[in-house]
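Working notes for the structure below.
In what follows, every chain begins at residue 1, and chains take the letters A, B, ... in the order their sequences are listed.
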There are 2 protein chains.
Amino acid sequence: MDNSNLGSSDRLLLAAINLISERGYNGVTTQEIATAAGLSEKTLFRHFGTKQKLLEAAFDRYHYAEEMKKLFKEKLVWDLETDLLTVCRTYHEIMNRNRKMIQISLKDEVQLPGFKERTQQHPLQLLEILTNYFIAMGEQGKMIRTNPEMQAFAFMMAHFGAFINDLDAGKNYPHIKLEPFMQESVRIFARALTP
Amino acid sequence: MDNSNLGSSDRLLLAAINLISERGYNGVTTQEIATAAGLSEKTLFRHFGTKQKLLEAAFDRYHYAEEMKKLFKEKLVWDLETDLLTVCRTYHEIMNRNRKMIQISLKDEVQLPGFKERTQQHPLQLLEILTNYFIAMGEQGKMIRTNPEMQAFAFMMAHFGAFINDLDAGKNYPHIKLEPFMQESVRIFARALTP
DNA sequence: TGATGATGTCAGTAAGTACTGACAGTCAGA
DNA sequence: TCTGACTGTCAGTACTTACTGACATCATCA
């Protein structure tokens, strides 16, 4: 990765995220991070003071939140199959942007207060939005009215599972691709939930 | 945990699995493992030689495989809803037994050849079995015949996601319990896949 | 030119940690 | 009672690693 156009802090942050997401916090040395950033270890400490603060800075800078609600409100067209596809496309998009942070949070040897909570904010938000959407669809007679939250949860879990499964560059099930999976899962849920 | 009835090796293995699954390989010292086992560090090295070999021994001893196929062949009754419930119950059972090993494998700082592969053997097996089951059900006219592998994959991913989500003692969605989730997911897939 | 700010080099400290050797204690079984 | 297997203690080695201080370099800009 050539980040020579970026400032030193940014290069260090990116290198830290890359390495830590692959090998874990304790599996990477400050020396390695600095070298990967094309800088000296001394510079790393001049910028961030400690290794822990480097990770905190990376965390503050590269997490994306709050965009979920907006994305949904603007895009839904109140057709179950269409909307489910939008939802899971958006979901995978956001999860992919946060991929490395989620990987770090999964490994999670570090004791960063609020680290896990913040990376897991998105799924929680999505569950709430999707549940409300299912309820509204039920009231419009476009969906069966049985167990909206659990159904939303099941839909989410299917895509969460697929995302986690794909974290290591999709090595588990190499013949299964994301796009057809999204389409089939939407078909299944649409058929099951349509009155 | 009181394992005073077990032999020294077993106590060390159990302590290692517990600690490493929580904090990662590099996050735990041999001293801590020995203390947690109620033994001295020296004894740990007398038994296993190196920290790495301790983990390998734990891995060899506490992974469960090969039982999936048997379990299924004996239990299926060729009714979609019943069988799906059996499948996902068995799945969660096996995943839970392997819980700590899967956690270690997720953190995965260690370079154990074949470690990930072996912990991920079960899902692969299950996908194959479930796909063949879907095909057979289709031939019997008890299921729609469209995309059996992807449908099996979607069902698996839903439960894989739910399992991973539950790994940290179910802290993410505390109000959602496993059993009702299993039932609802089975209902969804049964409704979607029945002709 | 000279000052400033960011960086590199290098030597070094302090702590942690995997791992060893020597020696002693305990306890079951012959 | 003797033996042998197992364990603990303790001191210590060798290596790694987060982090620091002193000093040099270099580009920019007034």
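- Side-chain contact annotation: Ser8(B) with His47(B), donor-acceptor N/O pair under 3.5 Å absent.
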Quick one: which protein N/O atoms are closer than 3.5 Å to N/O atoms of nucleotides 3-5 of chain D? Pair and distance per line, please.
none

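- For DNA chain D, the residues of residues 38-47 of chain A within the heavy-atom distance limit of 4.0 Å (strictly under) are Glu41(A), Lys42(A), Phe45(A), sorted by number.
- In this structure, Tyr25(B) contributes its side chain and Gln52(B) its backbone to a donor-acceptor pair below 3.5 Å.
- Between Thr29(A) and Gly49(A), the residue anchored closer to the 5' end of DNA chain D is Thr29(A), taking for each the nucleotide with the nearest heavy atom.
- If you take CG on Leu54(B) and CD1 on Ile20(B), they are separated by 6.0 Å, rounding to the nearest 0.5 Å.
- Nucleotide dT16(D) holds its P atom 14 Å from the CG atom of Asn26(B), rounded to whole Å.
- The distance between the ring centers of His159(B) and Phe163(B) does not fall below 6.0 angstrom.
- For Ala34(B), the side chain to side chain contact (heavy atoms under 4.5 Å, CB included) test picks out Glu41(B), Leu44(B), with sequence neighbours left out.
- Judged by distance alone, the side chain of Asn98(B) and the main-chain N or O of Ile94(B) form a donor-acceptor pair under 3.5 Å.
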Got a list of side-chain donor-acceptor pairs under 3.5 Å for residues 186-195 of chain A, not counting sequence neighbours?
| from | atom 1 | to | atom 2 | distance (Å) |
| --- | --- | --- | --- | --- |
| Arg187(A) | NH1 | Glu184(A) | OE1 | 2.6 |
| Arg191(A) | NH1 | Ala192(B) | O | 2.5 |
| Arg191(A) | NH1 | Thr194(B) | O | 3.1 |
| Arg191(A) | NH2 | Thr194(B) | O | 3.4 |
| Thr194(A) | OG1 | Ala190(A) | O | 2.5 |

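- One atom, NZ of Lys51(A), and another, C1' of dT16(D), lie 12 Å apart when rounded to the nearest Å.
- Put simply, the side chain of Lys51(A) gets close to the backbone of Val28(A): a donor and an acceptor are under 3.5 Å apart.
- For the side chain to side chain donor-acceptor pair (under 3.5 Å) test, residues two or more places apart in sequence or in another chain that qualify with Arg89(B) are Glu179(B).
- A nucleotide of DNA chain C counts as in contact with chain B when one of its atoms lies under 4.0 Å from a heavy atom; the first and last such, 5' to 3', are dT17(C) to dG21(C).
- Straight-line distance from the CD1 atom of Ile33(A) to the C1' atom of dT16(D): 15 Å, rounded to whole Å.
- Going from atom CZ of Arg23(A) over to atom C1' of dT16(D) covers 14 Å, rounded to whole Å.
- For the pair Leu127(B)/Glu149(B), a side-chain contact is recorded, criterion being any heavy-atom separation below 4.5 Å from C-beta on.
- When side chains are defined from C-beta on, Phe134(A) counts as touching Leu80(A), because their heavy atoms get closer than 4.5 Å.
- What separates CZ of Phe48(B) from P of dC6(D) is a distance of 13 Å, to the nearest Å.
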